[in-house]
Novice: 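Just passing along the structure, written as structure tokens.
The analysis underlying the following values was restricted to heavy atoms, covering all of them including side chains, and did not include hydrogens, waters or symmetry mates. Just so you know, residue 1 is the first one in the sequence shown, and it goes up from there.
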Amino acid sequence: QVQLEESGGGVVQAGGSLRLSCLASGNIVSIDAMSWYRQAPGKQRELVAHAPSGRATTYSNSVKGRFTISRDNDKNTVYLQMNSLKPEDTATYYCKVDDATYYSGQIKVRVDVWGQGTQVTVSP
């Protein structure tokens with residue numbers, strides 16, 4: 001199986017910064033895309049940043065220029081550097097991997113996996 005462990009959430013004042021991390025563990029062969037989503041209370045989950053393997057990263061318009069997604073493929077880890085945070089960035093942030101391939105015995109399995117979420121709160 002593939003498991004995701006997120007860290008780095010917390011409480012910060014507006015204008016501050018946080019760095020989220022998401023480590024994928026398991027007998028992983030490869031991962032295609034790694035992404036960050038967020039969900040605020042009463043709102044739908046939205047894509048924040050997307051980092052597909054070997055292709056350009058993309059961002060939602062609301063975070064473009066403030067957030068940076070990066071990957072360390074050797075560590076199966078994705079990061080989200082969040083600068084100039086605003087109160088409207090307050091949400092639970094979720095990591096997701098697409099097409100994570102791992103071995104179950106001798107069988108190669110491909111899955112999409114969500115993390116458990118980490119809370120980010122930005123005070124005015």
Novice: Not counting sequence neighbours, list each pair that qualifies as a salt bridge (Lys or Arg N to Asp or Glu O under 4.0 Å) and has a residue in residues 90-109.
Specialist: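 Output for this query lists Lys96-Asp98.
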Novice: For Ser35 and Ala51, which heavy atoms make the closest approach, and how far apart are they?
Specialist: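 Shortest heavy-atom contact: OG-N, 4.4 Å.
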Novice: Mind checking what makes side chain to side chain contact (heavy atoms under 4.5 Å, CB included) contact with Lys64, not counting sequence neighbours?
Specialist: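 So Lys64 forms a side chain to side chain contact (heavy atoms under 4.5 Å, CB included) with Tyr59, Asn61.
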Novice: Check whether Asn73 reaches the backbone of Asn76 with its side chain - one donor and one acceptor, N or O, closer than 3.5 Å.
Specialist: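 No; judged by distance alone, with no hydrogens or angles, the pair does not exist.
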Novice: Step through the shown structure and confirm whether more than 12 heavy atoms of other residues, nucleotides or ligands are within 6.0 Å of CD on Glu5.
Specialist: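 Atom CD in Glu5 is not crowded, with 12 or fewer foreign heavy atoms closer than 6.0 Å.
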Novice: For Gln116, what residues pass the side chain to side chain contact (heavy atoms under 4.5 Å, CB included) criterion, not counting sequence neighbours?
Specialist: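 With sequence neighbours excluded, Gln116 shows a side chain to side chain contact (heavy atoms under 4.5 Å, CB included) to Glu6, given in chain and number order.
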Novice: Stepwise, does the side chain to side chain donor-acceptor pair (under 3.5 Å) test hold for Gln39 with Thr92?
Specialist: CA-CA 5 Å; Gln39 187 168 19; Thr92 301; over 6 Å; no
Novice: Which heavy atom of Pro124 sits nearest to which heavy atom of Pro87, and what is that distance?
Specialist: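 Between these two residues, the closest heavy atoms are CA-CG, 4.0 Å.
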Novice: Verify the cluster assignment for Val29 and Val109: are they in a single hydrophobic cluster under the rule of side-chain heavy atoms below 4.5 Å apart?
Specialist: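 Shared cluster, no.
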Novice: What donor-acceptor contacts under 3.5 angstrom involve side-chain atoms of residues 15-22, with partners at least two apart or in another chain?
Specialist:
unit_1, atom_1, unit_2, atom_2, d
Ser17, OG, Asn83, OD1, 2.9

Novice: How would you list, by chain and number, every residue that makes a side chain to side chain contact (heavy atoms under 4.5 Å, CB included) with Thr58, sequence neighbours excluded?
Specialist: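 Testing Thr58 for side chain to side chain contact (heavy atoms under 4.5 Å, CB included), a comparison that skips the adjacent residues, returns His50.
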Novice: Do you know which two heavy atoms are closest between Val2 and Ala24, and how far apart they sit?
Specialist: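 Answer, listing the atom of Val2 first, then Ala24: CG1-CB, 4.4 Å.
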Novice: For residues 70-124, which residue pairs qualify under ring pair (Phe, Tyr, Trp, His ring centres under 6.0 Å), counting only residues two or more places apart or in two chains?
Specialist: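 Checked against ring pair (Phe, Tyr, Trp, His ring centres under 6.0 Å) - neighbours excluded - the pairs reaching residues 70-124 are Tyr37-Trp114.
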Novice: Membership question, hydrophobic clusters at under 4.5 Å side-chain separation (ILVMFWY): are Leu47 and Val120 in the same one?
Specialist: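 No, because Val120 and Leu47 fall into different hydrophobic clusters, even though each may have its own neighbours under 4.5 Å.
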Novice: Ser60: what forms a side-chain hydrogen bond (donor to acceptor under 3.5 Å, both in side chains) with it, not counting sequence neighbours?
Specialist: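 Listed in chain order: Ser62.
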Novice: Could you walk me through whether Leu4 and Val97 pass side-chain contact (heavy atoms from CB on, under 4.5 Å), step by step?
Specialist: CA-CA 8 Å; Leu4 302 182; Val97 297; 3.9 Å; yes
Novice: Could you measure the distance from the CD1 atom of Ile31 to the CG atom of Asp112? Nearest 0.5 Å is fine.
Specialist: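 Separation between the atoms: 11.0 Å.
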Novice: Does Thr90 use its side chain to pair, donor to acceptor, with the backbone of Val122 at less than 3.5 Å?
Specialist: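 Flag set: sc Thr90 to bb Val122 pair under 3.5 Å.
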Novice: Do the non-hydrogen side-chain atoms of Met34 and Pro52 ever get within less than 4.5 Å of each other?
Specialist: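 No - every pair of side-chain heavy atoms lies 4.5 Å or more apart.
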Novice: Please test Arg71 against Ser53 for side-chain contact (heavy atoms from CB on, under 4.5 Å), starting from the C-alpha separation and ending with a verdict.
Specialist: CA-CA 9 Å; Arg71 294 174 58 163; Ser53 179; 3.9 Å; yes
Novice: Other than Leu23, what residues sit in its cluster of Ile, Leu, Val, Met, Phe, Trp and Tyr side chains whose heavy atoms are under 4.5 Å apart, directly or through others?
Specialist: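 In the cluster with Leu23 there is nothing else; it is isolated.
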Novice: Among pairs that include at least one residue of residues 20-46, which meet salt bridge (Lys or Arg N to Asp or Glu O under 4.0 Å), considering only residues two or more places apart or in two chains?
Specialist: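 Of all non-adjacent pairs touching residues 20-46, those that pass salt bridge (Lys or Arg N to Asp or Glu O under 4.0 Å) are Asp32-Arg55, Arg38-Glu46, Arg38-Asp89.
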Novice: Would you indicate whether Gln44, at its atom CD, is surrounded by more than 12 heavy atoms from other residues, nucleotides or ligands within a distance under 6.0 Å?
Specialist: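 Atom CD in Gln44 is not crowded, with 12 or fewer foreign heavy atoms closer than 6.0 Å.
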